[in-house]
Structures are given as C-alpha cells and as structure tokens.
2 protein chains.
Amino acid sequence: MVTIETKQHPAWDVYKATCPTRQVLDCIADKWAVLVIGLLNGGTRRFGEMRKSIEGVSQKMLTQTLRSLERDGIVSRRVYASVPPKVEYTLTPLGQSLAGIVESLRVWSESNIEVVLASQQTYDARPEAE
Amino acid sequence: MVTIETKQHPAWDVYKATCPTRQVLDCIADKWAVLVIGLLNGGTRRFGEMRKSIEGVSQKMLTQTLRSLERDGIVSRRVYASVPPKVEYTLTPLGQSLAGIVESLRVWSESNIEVVLASQQTYDARPEAE
DNA sequence: CAGCATCCGCGTAGATACTG
DNA sequence: CAGTATCTACGCGGATGCTG
C-alpha cells in the first residue's frame with residue numbers, strides 16, 4: 001500500500017501530533033495486542049502456539065496484531081527457512097519494558113475482577129435499569 | 001434495555017468466564033476509557049470540561065465511556081439538581097488504583113514514543129513495503 | 001505451518017435534532 | 001449544561017479459499 005492516509009477528521013491528526021499517550025494507545029489499545037504482549041512475556045512463541053493460547057482470536061486478527069506490534073518495534077519476528085515454515089515471535093527490549101505494565105494490569109485484573117463484576121450487577125439491578 | 005446478549009460466538013463466552021484479564025480488557029481496552037481515567041486522575045471534572053480536554057471525543061462516546069466506567073465501579077457520577085444542570089465525575093477508590101497503571105502507561109508512552117515512531121518509519125521504509 | 005486475498009455482515013461511532 | 005434518540009455509513013473483524 002502506498003496510501004495509508006485513511007483519516008478524514010482533521011482534529012484527529014492534531015491530537016495525534018501532540019500527545020504521545022494517544023499515539024501509543026493507537027498502537028496497543030486493543031484487547032488482542034495486550035494479550036499478545038502478555039503471552040510473549042512468557043517467552044518466545046510460534047504463530048500456531050499463540051493462536052491456540054489466545055482463545056477466540058482469529059488468524060487474521062492475530063496476524064494483524066503481530067504485524068502492528070512488529071512495526072512499532074515491540075515484537076520481533078524471526079522466520080526459519082524450513083519446510084514446513086516456522087515463525088517465532090519475541091518481545092524486543094522495548095516490548096519487555098511495556099510488558100511490565102501489561103503484567104501489572106493482569107495483576108490488577110485478577111485482584112479486582114470480583115469488585116468490578118459485583119459493581120456491574122448492582123448497576124444493572126437498579127430500578128431504572130429496565 | 002432488557003437483552004444485553006449480543007454475543008454469537010460460544011467460545012467468546014468461554015474465555016470471558018475464565019479469564020479476569022480479558023474481562024477487564026473488555027471494560028477498559030479502548031482509547032477513550034484510558035484517556036478518561038487519566039484525566040480524572042487529576043481530580044474531579046465536569047462533563048463539559050472533559051469534552052474540551054479530550055480532543056476529538058464526541059459527546060456520544062464520552063457519555064458512553066463514562067456510563068461504562070460507572071457501571072464497572074471505576075468512576076462515580078454526581079448530579080447537582082441545579083439550573084443549568086451540573087454533573088461531576090470522579091474516580092472511585094477502585095478507579096484510583098487503576099489510574100496508577102494508566103499513569104505508568106503515560107510515563108512509558110512519553111519515554112518511548114520516539115523509539116516507536118522511529119521503528120514505524122524504518123518498517124514502512126522497507127523495500128517490500130511498497 | 002503461516003500467511004494472504006476476498007467477500008460480507010454487523011456493530012460502532014459520527015452527525016444531527018431534540019429535551020429536562 | 002448534559003444529556004437522549006435516531007439515522008446512517010464505513011470499517012472492523014469473522015469466514016472461507018488459496019499459496020509458498
């Protein structure tokens with residue numbers, strides 16, 4: 001692809017040019033990216049392994065996510081010229097530093113999921129929640 | 001709404017029922033939620049303030065995001081019965097603990113955005129990137 | 001095995017108009 | 001001011017079929 005300009009909202013570009021957090025969020029603010037980073041934090045994995053480990057991810061989305069993370073320098077991709085082909089994915093040093101944050105999110109999630117779910121129950125049980 | 005069942009993929013529910021991280025990601029793995037939490041980490045804000053602070057967010061998305069975070073027990077909403085109306089949003093204690101992670105993500109972003117952008121440039125400049 | 005290409009439906013988000 | 005309601009479109013992501 002030559003043209004990667006798919007934005008139609010000018011203001012969008014404005015904020016993108018000025019806020020690092022948003023630019024990073026544009027890279028990793030999706031579920032699959034976070035899960036991939038979390039998985040690779042456990043060590044190098046092959047494509048097929050990841051597909052099996054991350055239940056519910058389609059081949060397309062996994063490929064897309066990995067390409068994106070590779071582009072961002074968070075994941076590195078190594079192809080072995082063998083038959084059958086073998087492709088391994090690893091976190092770069094940059095990716096490892098980010099993985100620390102993902103890990104803390106995982107810990108937070110496991111500590112607080114009960115509270116969150118309980119809150120949802122209460123919220124949905126309100127009289128006006130119809 | 002009575003029916004909130006919009007899932008069609010069985011496997012989806014399977015993972016949702018077993019993995020706290022994914023359940024939490026389903027709540028906060030979008031850009032606006034992270035930005036809202038980051039903003040409220042600076043203190044209580046009114047709706048209009050937030051709309052102006054978070055450039056590019058539509059009124060609809062902001063409302064939607066805030067409702068979702070309120071449901072999760074991350075944000076609390078206080079309505080003042082005045083004219084004109086005044087609505088304030090604040091992080092709950094739960095939200096504050098999550099805000100710590102968001103804050104560390106912000107720091108990471110500002111520290112590493114240059115590296116990420118440079119990596120993207122290099123990636124896009126590959127011969128085969130056509 | 002690891003991936004690309006294509007098709008397609010549905011949901012998500014934007015725009016707009018109206019209200020307490 | 002802080003929403004709700006409705007309409008629309010377009011892009012995301014799933015399913016399928018094919019390749020090195």
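Computed over heavy atoms, backbone and side chain alike; hydrogens, waters and symmetry mates excluded. So that the names make sense, note that chain A is the first sequence line, chain B the second, and so on, each numbered from 1.
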Undergrad: Mind checking what makes salt bridge (Lys or Arg N to Asp or Glu O under 4.0 Å) contact with B:Glu103, not counting sequence neighbours?
TA: B:Arg106
Undergrad: Between C:dA15 atom C1' and B:Met61 atom CE, what is the distance in whole Å?
TA: 14 Å
Undergrad: Below 4.0 angstrom from OP1 or OP2 of D:dG14, is there any side-chain N or O of A:Ser58?
TA: yes
Undergrad: Tell me: CD of B:Gln59 to C1' of C:dC18, nearest whole Å?
TA: 12 Å
Undergrad: Quick one: A:Leu66 CG to C:dC4 P, roughly how many Å, whole number?
TA: 10 Å
Undergrad: Judged by modelled atom types alone, do B:Gln96 and B:Asn41 share a side-chain donor-acceptor pair under 3.5 Å?
TA: no
Undergrad: Strictly below 4.0 Å: does A:Tyr80 bring a side-chain N or O up to OP1 or OP2 of D:dG20?
TA: no
Undergrad: Applying salt bridge (Lys or Arg N to Asp or Glu O under 4.0 Å), can you list everything that pairs with B:Arg51, at least two apart in sequence or on another chain?
TA: none
Undergrad: Among C:dG3, C:dT6, C:dC1, which is the nearest nucleotide to the side chain of A:Arg77?
TA: C:dG3
Undergrad: Any luck finding a side-chain donor-acceptor pair between A:Thr90 and A:Thr44 under 3.5 Å?
TA: yes
Undergrad: Just the rounded figure in Å: distance from P of D:dA2 to CD of B:Glu88.
TA: 9 Å
Undergrad: Whole angstroms only, please: what is the CG-P distance between B:Asp30 and C:dG14?
TA: 11 Å
Undergrad: For a 4.5 angstrom cut-off between non-hydrogen side-chain atoms, does A:Arg77 reach A:Glu88?
TA: no
Undergrad: Hey, is the main chain of B:Met61 close enough, under 3.5 Å, to the side chain of B:Thr65 for a donor-acceptor pair?
TA: yes
Undergrad: As a test of reading the structure: which of C:dA2, D:dC7, D:dA15 is closest to the side chain of A:Lys60, going by heavy atoms?
TA: D:dA15
Undergrad: Rounding to an integer number of Å, can you tell me how far B:Arg67 CZ sits from C:dT12 P?
TA: 18 Å
Undergrad: Report the distance from atom CD1 of B:Ile54 to atom P of C:dG14, rounded to the nearest whole Å.
TA: 13 Å
Undergrad: Of the residues in residues 40-51 of chain B, which ones touch DNA chain D at a heavy-atom distance under 4.0 Å?
TA: B:Arg46, B:Phe47, B:Gly48
Undergrad: I want to verify a distance call: between D:dG13, C:dG3, D:dC7, whose nearest atom is closest to the A:Thr63 side chain?
TA: C:dG3
Undergrad: Does any donor-acceptor pair link the side chain of A:Gln64 with the base of D:dC12 at a separation under 3.5 Å?
TA: no
Undergrad: Can you measure A:Leu62 atom CG to C:dA2 atom C1' for me and round it to whole angstrom units?
TA: 10 Å
Undergrad: Side-chain heavy atoms nearer than 4.5 Å, only ILVMFWY residues, links allowed to pass through others: does that put A:Tyr80 and A:Val83 together?
TA: no
